[in-house]
Chemist: 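Before we start, here is the structure in question, set down as structure tokens.
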Amino acid sequence: MVVIHLEFSSTEISEIEQVLLKDGEFNESQRKFLNLFRSSMIMAGPGTGKTTVLSAKIALILKRISQENTGEAVCIITYTNVAVDEIKLVLKKLGIVIEHPHFIGTIHAFFNTFCVEPFFRNKGGINNLVFLDSEDNKRMNFTKCQLELKKRRGYLSPDVLNNVLERLFKSRLELDNSGEIVVVNENNWNLLPKYSEDFKYILSNRKSEGILTMDDSFFFAELFLKNEKWTAILKRRFNYLFVDEFQDTSPLGIKCLHNIFQYPSDEISTVVQYIGDPNQSIFVKQKHQYTLEETFSLDTTNRFGKKIMDMLSNVFDVEYMNTLSLNKSYKPVILTYSDEKEILPAYKKMINIISGKNSIFKNDIRQDKMLVCLKKWSRRLTDADYSQSKVTKIQSQSFEATKIVKSLIESKLISKLGLSLVDTRKFMEQFDIRLKINKILIDYLKYDRDTRKTYFVSSINKLLKEFDAGSIRKDNKSVSDLENIFSKYENINNSSFDSSETYTIHSVKGETHRSTLVANIEFDKKDYSQVSFTDILKISYGEMESTAPFSERESKKLLYVGLSRAKYLVVLSFPEKELTEDLRMKMEQDWRIVSTETILRHGES
């Protein structure tokens, strides 16, 4: 095991605290993490301040490297570009910009930069790779793949041919345990063995031209890492590796990281720390095969109080986290119902009653949110389609809007600088142009329709001027494209809670709410294949036997994420007919049980 003897003084840590925490300070476990330099799994439960303390640690390391000119390098890998930007913004507050030789990006960006691009340069002399999303990949390659499949399977009828092509675009290349190239279909198509050689040939041909999808990153990274010399060079490249949200990182990606930084074990030269919470793994279904022996826990939550923590610990059998004495949560509520239409009105009345009695709760600016597993369930609860707040709706459109502006900037820079698309994107990353685009879009939405055009054109031209890359006018297509995306959201209510608003549990991961309602409603197994939250509670309290461990585990993680968002009040609806006296007695240690009828008819909370 590698141990780097690096220690930060109280003075160094205090300087970071003054900027990031104002009058606050890091708790004991956070301070221990700041000075932990052993390869470890860092367990960070809900509300433990993971992003802030990780950013602080990175800042301290970068400052020390700069001061002592050690020549060391830090690598930070995150689950999404949003997380990349969050860490960059924290570091920016501290006056730190991550530049070469350091790296920050998603796991796909890491492998594309350090494995996939070098692989193609060395093997095929290809310098300009194109990464397509699944929709663009199908659109651009459909005709060529169709012709190739016709050559190989000329007897197929047009309908069968198109059906097979659909399967092709849902397949990818992987290396099996023996290092052989195999085809994997994301839907486990039963006829894949019959067409696997066709798929392997067609996919390999397209990939060999440098036309890739993000699914190809790990495949070509594994091919690259089969060369021990290249792996050794990359292994020496970084002294510190931090993987944020490791639980939702692709197992294939973790496997590749293991092959670089942890194998063979007697040659470890990098401090590797995986940070996250396995109990909140709701985006990746497979279990990680490669983990680290030592674990460390950020053991204090800043989000909720003891009553919510007690419930989470008992229901989910998670490691108990310390809570702050100033965080006063209400005892979690089981809201029983006979009519699911009464769930939301009862929850809203609870909020109103508590607001009238508790000024701290009333004045807290966080939102109250109702969560569902599926978007379409919102109609059953509210007589309205799935809806989101204005901010959240805008966020859901941000990818499309960012893509428009990014494409505009790319075209201008390519024209001016004469670079390839790949090199232009690297240039944009170097100058944090994505962050600048995000800021322009956020400010864009603050203006009325007439003013925003002028603002957008002015801001884009100011950005282009930095690189002497020309300018645009108001009649530029990107101006009207942006307006079309956002105009329909102008009159959306932004109140703390709108009865037409529901959110999926997946969409709120990482958020903190004032209060949260997890709408647990009955459903047909044909509609939703997961284990119901009702059954999860019955199993947890010993009222039902476990029969489907994998499905139960996935539903339990989803419920855990939903119930751990609230600072003050968390409510779980529960079918009244399912609440037996035995179950009620067991649940009352963790929950206050009240019916929708009691709240709506008698005003109790």
Side-chain angles (χ1 to χ4, degrees), residues 43 45-46 79 186-188 245-249 251 276-288 304 308-319 332-337 340 343 347 369-378 380-381 386 502-511 513 516-566 570-580 583 586-587 590-591 593:
M43 301 302 168
Y79 179 59
E186 64 183 49
N187 296 325
N188 297 318
E245 297 286 0
F246 77 87
Q247 78 278 359
D248 284 322
T249 302
D277 182 3
N279 296 304
Q280 297 187 71
S281 175
I282 61 175
F283 293 105
V284 171
K285 303 300 182 187
Q286 310 101 305
K287 253 187 145 180
H288 286 114
F304 41 73
I308 291 179
M309 186 66 247
D310 287 343
M311 177 273 292
L312 293 174
S313 177
N314 291 335
V315 173
F316 299 97
D317 195 27
V318 295
E319 184 176 348
V333 174
I334 288 289
L335 183 62
T336 63
Y337 67 91
E340 61 188 26
I343 295 172
Y347 172 54
K369 290 193 174 184
M370 180 174 72
L371 310 182
V372 292
C373 293
L374 297 178
K375 295 178 181 180
K376 60 184 178 182
W377 288 359
S378 60
R380 291 172 55 184
L381 296 161
Y386 177 80
T502 52
Y503 303 77
T504 62
I505 296 175
H506 285 85
S507 73
V508 301
K509 189 170 181 286
E511 294 183 0
H513 308 156
T516 306
L517 164 65
V518 178
N520 168 40
I521 57 178
E522 297 178 287
F523 56 87
D524 192 315
K525 285 292 184 182
K526 295 177 183 178
D527 184 48
Y528 186 59
S529 62
Q530 295 299 316
V531 178
S532 72
F533 292 160
T534 298
D535 287 351
I536 292 299
L537 285 187
K538 287 181 177 181
I539 293 168
S540 292
Y541 286 104
E543 290 292 300
M544 178 183 284
E545 292 293 323
S546 173
T547 58
F550 177 80
S551 296
E552 289 162 12
R553 185 171 64 247
E554 297 309 307
S555 290
K556 201 168 185 178
K557 289 177 181 177
L558 196 62
L559 180 58
Y560 179 71
V561 170
L563 294 179
S564 60
R565 298 305 95 200
V570 60
V571 180
L572 175 67
S573 62
F574 197 92
E576 199 165 274
K577 65 182 182 181
E578 299 288 342
L579 188 65
T580 64
L583 182 57
K586 292 177 180 179
M587 291 176 66
D590 302 313
W591 306 84
I593 302 175

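Index from 1, following the sequence.
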Chemist: What distance separates Met311 CE from Leu563 CG, expressed to the nearest 0.5 Å?
Modeler: 4.5 Å
Chemist: Could you tell me if the side chain of Tyr347 sits less than 4.5 Å from the side chain of Leu381, heavy atoms only?
Modeler: no
Chemist: My understanding is that only one of Leu335, Val518, Ile343 makes a side chain to side chain contact (heavy atoms under 4.5 Å, CB included) with Val571; could you say which?
Modeler: Leu335
Chemist: What are the two closest non-hydrogen atoms of Gly562 and Thr516, and how far apart are they?
Modeler: O-CG2, 3.7 Å
Chemist: If you take all heavy atoms of Glu511 and Arg565, which pair is closest and at what distance?
Modeler: O-NH1, 3.2 Å
Chemist: Would a 4.5 Å heavy-atom cut-off, applied to side chains only, mark Glu576 and Leu579 as touching?
Modeler: no
Chemist: Where is the tightest heavy-atom contact between Ser555 and Phe533, given as atom of each residue plus distance?
Modeler: O-CE2, 3.5 Å
Chemist: When you compare the side chain of Leu559 with that of Phe316, does any pair of heavy atoms fall below 4.5 Å?
Modeler: yes
Chemist: Does some side-chain heavy atom of Pro278 sit less than 4.5 Å from a side-chain heavy atom of Lys557?
Modeler: no
Chemist: Of all the heavy-atom pairs spanning Asp590 and Pro332, show the shortest one and how long it is.
Modeler: O-CD, 3.6 Å
Chemist: Measuring only between side-chain heavy atoms, which start at C-beta, is Glu578 closer than 4.5 Å to Leu537?
Modeler: no
Chemist: Indicate yes or no: at least one non-hydrogen side-chain atom of Leu371 is less than 4.5 angstrom from one of His513.
Modeler: yes
Chemist: Give a yes or no answer on whether the side chain of Ser564 reaches the backbone of Tyr560 with a donor-acceptor pair at less than 3.5 Å.
Modeler: yes
Chemist: Minimum heavy-atom separation for Ser540 and Val315, please, with both atom names.
Modeler: OG-O, 3.1 Å
Chemist: Backbone N or O of Thr547 within a donor-acceptor pair of the Glu552 side chain at under 3.5 Å?
Modeler: yes
Chemist: Using the ring of Tyr541 (Phe, Tyr or Trp, six-membered ring only), decide whether Lys586 places NZ or CZ under 6.0 Å from its centre and within 45 degrees of its axis.
Modeler: no
Chemist: How far does CD of Gln530 sit from CG of Leu374, to the nearest 0.5 angstrom?
Modeler: 9.5 Å
Chemist: Does any N or O in the side chain of Ser281 come within less than 3.5 Å of the main-chain N or O of Gln247, such that one atom is a donor and the other an acceptor?
Modeler: yes
Chemist: Carefully, step by step, assess His506 and Leu558 under the rule side chain to side chain contact (heavy atoms under 4.5 Å, CB included).
Modeler: CA-CA 8 Å; His506 285 85; Leu558 196 62; 3.4 Å; yes
Chemist: Does any part of the side chain of Leu572, heavy atoms only, come nearer than 4.5 Å to the side chain of Trp591, both counted from C-beta?
Modeler: yes
Chemist: Could you tell me if the side chain of Val372 sits less than 4.5 Å from the side chain of Arg380, heavy atoms only?
Modeler: no
Chemist: Measure across Asn520 and Ser573 and return the closest heavy-atom pair with its distance rounded to 0.1 Å.
Modeler: N-OG, 2.7 Å
